[in-house]
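Following: one structure in C-alpha cells, then a few remarks.
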Amino acid sequence: MYDSIEEAGLKGRDFLSTQDWSVDELETLFSLAARLKADRKAGVPTRLLEDKTLYMIFFDSSTRTRNSFETGITQLGGHGIFLSPDKMQISHGENARDTANVLSRYGEAIAIRHCAFGEGNAYLSEVAEHASVPVLSMQCDVYHPCQILADYLTIREKLGSDRRLKLGVAWTSAPNYVRPISVPQSLILMMPRLGLDVTLAYPPEFMLLPDIEAQARENAAAAGTRFEISHRFEDAFEDADVVIPKSWGPLVHTRDHAEGVRLIEAYPDWRCDSNRMALGKDHMLYMHPLPADRGREVTDEVIDGPQSVVYDEAENRLHVQKALMALTM
Ligand code: CP
C-alpha cells in the first residue's frame, strides 16, 4: 500500500479545496488514511516523510488543526514548524510571493489557515501560485477541506459506504463569535460527490456564497445525489443518517459585526437537542467539527450522548492529514 503512494501521482499537488481533486483521488486518500490509522494503532512505524519539513502558518487560532498536523508530520518522521504571521515578516508587509518562494527553498510543504472573509482564499491561492511545494489549506474563508475529509472518513467507518445516506447540515445559534462559512460550504461541495444526499438548513440571512451553492447543485446532479436547501431547522434532521449542526456567521448577508451577532441571537431555537435528534433514524450520528458552543448550539445530553462521534471525528483529522501529507509531500 505504501509503495503505491508514488503511483498515485499526487506528489506536489496543492489541496485548497476538495473540488480540485477527483473522486478517485479522494478515495486514494481515504484508503491511505485508513491504512495509516490501522498501522498507528498496531504500532507499525509509518515514517514516510523522514527529513521533510511542513510550515504551518496560522493567521487564526486553532486546537485541532494545529495539533493534528504537527502530530501527523511527527508520526510520519518529518518536522512541523508553527508560524504566526505576527512573528514573521508578513507583519511588516512581506508579500505572499516572497514568503512562498523562500519557504519553498527550505521545506516540502506550506500549510496555511487564514479565515478573514474576502482575504483568506485569495492569500492561499497567491502562495500556491508562487510556491514550488504543495500548499495545503488548514481552513480559509471559503473552504475547510481537511475537516470534511475527517467527517467523511468518520461517516464511512460508522455507517459504511454501501448504502445511500442522508446528511443534514444545519445552522445553529452561537453568538459568542461570528464563525466562518467554510465548513458548511465544504460539506455541501464534497458529500454529494461521494454519494450522500445533503439537506442544508439555515435561516434566510445565513445563506452561503451563491456560486458555492450552485456548484453543490451541479456536483449532486453529476453524481446522481440530492442537494436541497431549507429554511426549517427540522428538515436537516428528519430521517437523516448523519447530522452536522453548527454555527456560522451571516457573512454573505452582512459584514457588519454587530448586526451579525444580532442575527445569530435572533434564532435561539436553532439548537440541537434530544427532540431534534429523535427526528432522525435510530442510528443517526451527531457530528460537529468543534469547538462547539455547548448549551447554545447543542445540549450536553446530545454532544455527550451515545449518538455523538465528535471525538472520533476530531481524531480522524490526524489520519486524513497524514494521508494528505504523505501523498503530496
Ligand atoms: N475543527 C477545527 O478546525 O478545529 P480548530 O479550530 O481547533 O483547529
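When reading the values below, keep in mind they use all heavy atoms of this one structure, side chains included, and skip hydrogens, waters and symmetry mates. Numbering of ligands and ligand atoms starts at 1, following listing order.
If you look at ligand 1, the protein residues with a non-hydrogen atom under 4.0 Å away are Ser62, Thr63, Arg64, Thr65, Arg113, His144, Gln147, Pro289, Leu290, Arg317.
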Could you list the donor-acceptor pairs under 3.5 angstrom formed by side chains in residues 125-137, with sequence neighbours left out?
residue: Ser125; atom: OG; partner: Asn121; partner atom: O; Å: 2.8
residue: Ser137; atom: OG; partner: Gln139; partner atom: N; Å: 3.1

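Ionic pairing of Asp241 and Arg164 is not present here: no N-O contact between side-chain nitrogen and carboxylate oxygen is shorter than 4.0 angstrom.
Other residues, nucleotides and ligands place no more than 12 heavy atoms under 6.0 Å from the CZ atom of Arg40.
What you find for Tyr2 and Arg35 is that their closest heavy atoms are OH-CG, 3.6 Å.
In terms of the side-chain hydrogen bond (donor to acceptor under 3.5 Å, both in side chains) criterion, residue partners of Asp235 (sequence neighbours excluded) are, by chain and number, Ser230, Arg232. For the side-chain hydrogen bond (donor to acceptor under 3.5 Å, both in side chains) test, residues two or more places apart in sequence or in another chain that qualify with Ser68 are Gln321.
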